[in-house]
Amino acid sequence: MLFVEANGAKIPAIGLGTWELSGRTCARVVEQALRLGYRHIDTAQAYDNEREVGDGMRSSGVRRDDVFLTTKVWTNHFAPHDLERSVKESLARLRLPSVDLLLLHWPNPHVPLAETLGALAHAKRMGLTHHIGVSNFTVTLIEEAVALCTEPLVCNQVEYHPYLDQAKVRAACDRHGLALVAYSPIAKGRIKFDQTLAAIGRAHRKTPAQICLRWLVQQNISAIPRTSRVERLSENIEIFDFALMDDEMAQVAALASPKGRLTDFGFAPKWD
Ligand code: 1BO
């Protein structure tokens with residue numbers, strides 16, 4: 001497994017995203033993923049599955065220290081005392097003393113960013129998390145957050161896949177030494193029938209999803225594909241035995257379009 005290193009964190013290049021996984025399915029998929037060799041699990045308060053993620057981690061038998069676990073604070077807990085309380089509640093649901101990475105899930109313009117970042121940094125100093133970061137932050141917000149935060153931010157987790165151009169956000173992350181973690185990295189399955197990815201895949205005996213994930217990790221990006229199907233877990237992790245050539249990387253990059261975003265909400269910031 002490759003790692004993406006950023007501001008002291010060592011993030012496994014492929015993780016399991018758990019957005020929209022719930023109940024026993026979630027616990028079972030987390031357990032199976034860890035048994036298959038995954039060492040990076042991503043959850044969030046808003047996913048309502050932290051309890052099951054913790055259960056799956058325990059039943060896998062994999063040592064806690066060997067797993068990189070991320071959770072995210074939802075925007076209604078951004079006032080300093082709420083943030084600390086909500087993180088302690090997350091840890092109680094996970095039944096763990098700390099997570100590896102704690103993120104602000106979305107920007108919230110109604111609470112001063114300095115206050116929220118102060119509370120996030122405090123959570124780190126209290127030992128509730130080893131590292132802190134943000135998610136769904138634009139270039140302007142990344143610049144503000146880096147300037148305001150007293151502890152290093154290690155990542156910005158955003159939607160990223162071949163159909164969405166994230167060059168500006170990537171450049172801002174690079175400028176500040178933040179890793180980019182890609183959610184929806186296989187475009188919610190839309191890449192499955194992509195002719196370009198399929199053609200590249202035939203040359204390497206890989207599926208379009210594997211080409212897509214390889215394209216991401218080859219850019220030093222960590223990707224967290226979600227699946228509820230155990231057979232897909234192996235497919236998504238078997239991407240470390242081949243490499244894409246420069247022209248193949250360019251062909252995949254050329255699929256990006258301004259209309260490629262799949263996750264958007266009324267409360268989202270104005271995207272770059
Ligand atoms: C609302 C959830 C978006 C991805 O984490």
Test side chain to side chain contact (heavy atoms under 4.5 Å, CB included) applied to E52 and S22, step by step: CA-CA 7 Å; E52 290 76 16; S22 61; over 6 Å; no

Derivation of the side chain to side chain contact (heavy atoms under 4.5 Å, CB included) call for D42 and W19: CA-CA 8 Å; D42 181 273; W19 184 20; over 6 Å; no

Worked verdict on H77 versus E89 for side-chain hydrogen bond (donor to acceptor under 3.5 Å, both in side chains): CA-CA 11 Å; H77 301 306; E89 288 169 359; 5.6 Å; no

Audit row: Q218, R214, side-chain hydrogen bond (donor to acceptor under 3.5 Å, both in side chains) steps and yes/no: CA-CA 6 Å; Q218 226 169 287; R214 179 72 210 182; 2.8 Å; yes

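Within a 6.0 Å sphere centred on CG of D246, other residues, nucleotides and ligands contribute 12 heavy atoms or fewer.
Counted by atom type alone, E50 and S90 present one or more donor-acceptor pairs between their side chains at under 3.5 Å.
For Y47 and H105, the ring centers sit closer than 6.0 Å to each other. In summary, the aromatic rings of Y160 and W215 are positioned with their centroids under 6.0 Å apart.
A distance of 11.5 Å separates CD1 in I221 from CG in L213, rounded to the nearest 0.5 Å. Atom CG of N156 is separated from atom CG of N136 by 7.5 Å, given to the nearest 0.5 angstrom.
Checking each of V111, N108, T116 against T75 for a side chain to side chain contact (heavy atoms under 4.5 Å, CB included) leaves exactly one that passes, namely N108.
Ionic pairing of E31 and R28 is not present here: no N-O contact between side-chain nitrogen and carboxylate oxygen is shorter than 4.0 angstrom. The pair R39-D100 does not count as a salt bridge, with every side-chain nitrogen at least 4.0 angstrom from each carboxylate oxygen. Here R24 does not pair with D55 in a salt bridge; the nearest charged N to carboxylate O distance is not below 4.0 Å.
Scanning both residues, L16 and I224, for their nearest heavy atoms gives C-CB, 4.4 Å.
W271 and F137 are assigned to two separate hydrophobic clusters, defined by single-linkage of ILVMFWY side chains at heavy-atom distances under 4.5 Å.
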